[in-house]
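The structure displayed is predicted, hence computed values, not measured ones.
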Amino acid sequence: MPLQEASGLDPKALLEELHVLEGDRTHRGYAALLALARRLPLLWPLYPLLLLLVPFGAGERLYRFLAKRRPRARASRGGDHP
């Protein structure tokens with residue numbers, strides 16, 4: 001199921017931060033990044049490093065800092081492409 005169609009998720013929040021659906025759980029922000037790193041073999045080497053940033057919210061603060069500065073795609077309507 002596409003993430004946009006998952007019930008209970010705010011469409012605006014989907015544009016603001018990374019979301020990962022894992023079973024009946026939804027991971028957002030830095031937790032979503034950790035979930036991806038835990039599940040994707042290519043990211044396994046980064047997982048221990050990412051865990052080191054969890055204490056005191058350092059990972060979440062870094063995620064927010066980078067998320068505010070990342071390029072964003074514009075939403076298109078009806079299949080229009082920019």
Side-chain angles (χ1 to χ4, degrees):
M1 159 180 21
L3 196 56
Q4 295 87 340
E5 295 175 12
S7 63
L9 295 178
D10 177 20
K12 184 179 178 192
L14 291 172
L15 296 173
E16 292 177 358
E17 61 186 348
L18 181 64
H19 284 66
V20 172
L21 296 179
E22 188 175 32
D24 61 346
R25 295 189 59 185
T26 302
H27 304 283
R28 298 168 49 156
Y30 194 72
L33 183 60
L34 284 172
L36 285 175
R38 186 175 58 244
R39 303 280 265 160
L40 298 175
L42 188 62
L43 297 178
W44 286 349
L46 293 177
Y47 186 65
L49 176 63
L50 295 172
L51 284 176
L52 289 174
L53 297 177
V54 172
F56 311 109
E60 189 64 37
R61 284 192 304 271
L62 178 62
Y63 176 85
R64 297 258 178 241
F65 175 81
L66 295 173
K68 286 181 182 179
R69 288 156 181 79
R70 77 176 187 276
R72 298 176 191 261
R74 290 187 220 158
S76 63
R77 295 180 183 214
D80 295 340
H81 298 284

Minimal heavy-atom distance between Tyr47 and Ala37, with the atoms involved, is CD1-CB, 3.9 Å
Side chain to side chain contact (heavy atoms under 4.5 Å, CB included) filter on Leu40, not counting sequence neighbours, yields Leu36, Leu43
For Glu60, the salt bridge (charged side-chain N to carboxylate O under 4.0 Å, His left out) test, sequence neighbours excluded, returns Arg64
Residue pairs meeting salt bridge (Lys or Arg N to Asp or Glu O under 4.0 Å), one or both in residues 42-58, sequence neighbours left out, come to none
Leu42 atom CG: more than 12 heavy-atom contacts under 6.0 Å
no
Residues at least two apart in sequence or cross-chain that pass side chain to side chain contact (heavy atoms under 4.5 Å, CB included) with Arg69, listed by chain then number, are Phe65
Original post:
Is there a donor-acceptor pair under 3.5 Å between the side chain of Tyr63 and the backbone N or O of Leu18?
Top reply: yes
Lys12 meets the salt bridge (charged side-chain N to carboxylate O under 4.0 Å, His left out) criterion, sequence neighbours left out, with Glu16
Heavy-atom nearest pair, Tyr30 first then Val54, reads CE2-CG2, 4.0 Å
Taken in chain and number order and not counting sequence neighbours, the residues that satisfy side-chain hydrogen bond (donor to acceptor under 3.5 Å, both in side chains) with Glu22 are His27, Arg38, Arg39
Notebook entry, point to check: Trp44 and Leu33: same hydrophobic cluster, using ILVMFWY side-chain contacts below 4.5 Å?
Noted result: no
Sorted by chain and residue number, the side chain to side chain contact (heavy atoms under 4.5 Å, CB included) partners of Arg61 (sequence neighbours excluded) come out as Ala58
